[in-house]
Amino acid sequence: MSHARAHFQRASAAKASALAVEDGPVNCTAYEMMLVKLAEDKRRLKQVQSTEGKAEVKRQILPDYAPWVEGALQGGKGQPDDVLMTVLMWRIDAGDYSGALDIAEYALPHGLPLPDQFSRTTATAVAEEIADAAKRARDGKQPFELQTLTYTAELTDKHDMPDQVRAKLLKETGLAMAEAEPSAALEHLRRAQQLHGAVGVKKDIERIERAIKNSAPPPTGSQA
């Protein structure tokens with residue numbers, strides 16, 4: 001993408017998102033142009049059956065949307081934007097969790113909805129998709145940044161969502177901090193268990209409780 005084209009997208013997104021239109025998406029040529037591109041990229045994605053393949057295609061096309069996102073985040077006033085919100089979800093799919101949470105930080109306080117094809121609220125989708133990504137990494141014995149989980153929890157804490165979804169996020173956060181912060185991990189896992197009994201943390205709670213007990217110093221005055 002040329003420098004001029006990127007500048008045009010940033011400026012257009014800022015202008016479009018700043019319009020005080022209360023009903024429906026922004027009606028402007030630049031926004032319509034982005035919707036056309038979005039539709040074309042969706043058609044391209046539909047031709048790919050592999051989930052990994054779709055994620056790779058998203059990694060390839062997401063840079064094309066970066067100027068639009070930048071403009072929306074810098075100049076926006078909470079105007080509904082299907083382009084921006086689709087990019088939010090695509091960034092999660094592509095593994096760009098930091099970039100996704102940058103959008104979520106803007107979208108959640110403004111109550112921006114996801115496009116119609118997404119059945120969940122924005123907070124629910126962000127929390128669940130991040131939790132699922134963390135679980136996939138854990139299952140594959142791959143690292144996943146604890147900060148991503150804690151920031152996701154912070155952003156979505158005050159938003160309504162199914163207890164099962166919040167429990168999933170609490171579980172993954174607790175497991176991610178189990179070694180470094182076992183006491184805090186227990187709090188997260190116990191809360192997850194409280195919210196959703198079938199979340200599957202009972203054995204993890206017992207394991208961490210044993211580890212804390214075994215690492216405790218012996219009582220003062222105890223004899224060898």
Side-chain angles (χ1 to χ4, degrees), residues 49-56 58-59 85 88-105 107-108 114 117-224:
Q49 298 185 56
S50 165
T51 300
E52 288 186 352
K54 288 180 184 291
E56 178 57 34
K58 289 171 183 176
R59 280 189 282 270
M85 300 306 285
L88 163 59
M89 300 306 294
W90 284 2
R91 283 183 173 180
I92 296 177
D93 295 339
D96 180 11
Y97 308 119
S98 177
L101 293 177
D102 284 344
I103 300 176
E105 182 179 4
L108 288 171
L114 291 170
Q117 70 265 30
F118 297 99
S119 59
R120 295 167 291 179
T121 66
T122 301
T124 299
V126 170
E128 188 163 27
E129 293 300 321
I130 293 292
D132 287 346
K135 183 181 185 303
R136 287 192 297 271
R138 179 169 57 83
D139 290 344
K141 301 187 184 304
Q142 298 297 315
F144 195 91
E145 288 192 10
L146 174 60
Q147 184 178 356
T148 298
L149 291 162
T150 56
Y151 190 42
T152 301
E154 179 183 338
L155 287 176
T156 60
D157 181 58
K158 302 301 182 182
H159 295 267
D160 183 41
M161 68 181 65
D163 290 341
Q164 295 91 327
V165 174
R166 197 176 301 280
K168 288 169 66 173
L169 182 59
L170 284 164
K171 174 182 178 179
E172 295 305 324
T173 305
L175 293 177
M177 60 175 53
E179 291 189 13
E181 305 174 64
S183 296
L186 272 182
E187 291 182 12
H188 283 74
L189 296 177
R190 286 168 177 162
R191 179 57 178 156
Q193 177 77 20
Q194 183 182 33
L195 286 173
H196 183 48
V199 72
V201 295
K202 183 178 179 179
K203 291 184 178 179
D204 295 303
I205 291 173
E206 293 173 351
R207 171 176 56 82
I208 296 172
E209 286 176 337
R210 285 195 302 270
I212 292 175
K213 182 178 180 181
N214 292 337
S215 64
T220 303
S222 62
Q223 298 180 352

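Scope of the values below: all heavy atoms of this structure, side chains included, with no hydrogens, waters or symmetry mates.
A salt bridge is defined here as a Lys NZ or Arg NE, NH1 or NH2 lying under 4.0 Å from an Asp or Glu carboxylate O, and Arg59 with Glu56 meets this definition. A salt bridge does not link Arg136 with Asp132: none of the charged nitrogens is closer than 4.0 Å to a carboxylate oxygen.
Within the 4.5 Å cutoff, the side chain of Glu187 has no heavy atoms near those of the Met177 side chain. Side chains of Leu155 and Val126 form no contact here, defined as non-hydrogen atoms less than 4.5 Å apart. Between Val199 and Leu195, every side-chain heavy-atom pair lies at or beyond the 4.5 Å cut-off.
Summarising the geometry, atom CE belonging to Met89 is positioned 8.5 Å from atom OG1 belonging to Thr122; distances are rounded to the nearest 0.5 Å. For the atom pair CD of Glu181 and CG of Leu186, the computed distance is 12.0 Å after rounding to the nearest 0.5 Å. From Leu114, atom CG reaches atom CE of Met85 across 4.5 Å, with rounding to the nearest 0.5 Å. Between Leu88 atom CG and Phe118 atom CZ the span is 8.5 Å, to the nearest 0.5 Å. A distance of 10.5 Å separates CZ in Arg91 from CG in Leu101, rounded to the nearest 0.5 Å. Taking CZ of Arg207 as the reference point, atom NZ of Lys202 lies at 15.0 Å (rounded to 0.5 Å).
Between the side chains of Gln194 and Arg191, at least one donor-acceptor pair of N or O atoms lies under 3.5 Å.
For the pair His188 (side chain) and Ala184 (backbone), a donor-acceptor distance under 3.5 Å is present. Between the side chain of Lys58 and the backbone N or O of Asp93, no donor-acceptor pair lies under 3.5 Å.
Taking Phe144 as the reference, Tyr97 meet the ring pair (Phe, Tyr, Trp, His ring centres under 6.0 Å) condition, with sequence neighbours excluded.
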Inset, instruction - Go through the steps to decide whether Leu169 and Val165 satisfy the test side chain to side chain contact (heavy atoms under 4.5 Å, CB included), and finish with yes or no. - result: CA-CA 7 Å; Leu169 182 59; Val165 174; over 6 Å; no
Inset, instruction - Kindly indicate, with the supporting measurements, whether the criterion side chain to side chain contact (heavy atoms under 4.5 Å, CB included) is fulfilled by Ser183 and Ile212. - result: CA-CA 8 Å; Ser183 296; Ile212 292 175; 4.1 Å; yes
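Closest approach of Leu146 and Ala176 over heavy atoms only: CD1-CB, 3.8 Å. The shortest non-hydrogen separation linking Thr152 to Ala127 is CG2-CA, 3.9 Å. Taking each heavy atom of Ile208 and Pro182 in turn, the nearest pair found is CG2-O, 3.7 Å. When all heavy atoms of Leu189 and Leu170 are compared, the pair lying nearest together is CD2-O, 4.4 Å. Counting all heavy atoms, side chain and backbone alike, Ala185 lies closest to Gly174 at CB-O, 3.2 Å.
Pairs engaging residues 120-131 under the salt bridge (charged side-chain N to carboxylate O under 4.0 Å, His left out) rule: Arg120-Glu128, Arg120-Glu129, Glu128-Lys168 [sequence neighbours left out].
Annotation for Glu206: atom CD counts as buried by contact number, over 12 foreign heavy atoms lying within 6.0 Å. Environment of NZ in Lys54: crowded, with over 12 heavy atoms of neighbouring residues, nucleotides or ligands closer than 6.0 Å. Summarising the local packing, CD of Glu179 is surrounded by 12 or fewer heavy atoms from other residues, nucleotides or ligands at distances under 6.0 Å.
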Using distance only, find each side-chain donor-acceptor pair of residues 157-164 under 3.5 Å and give its atom names and separation, not counting sequence neighbours.
none

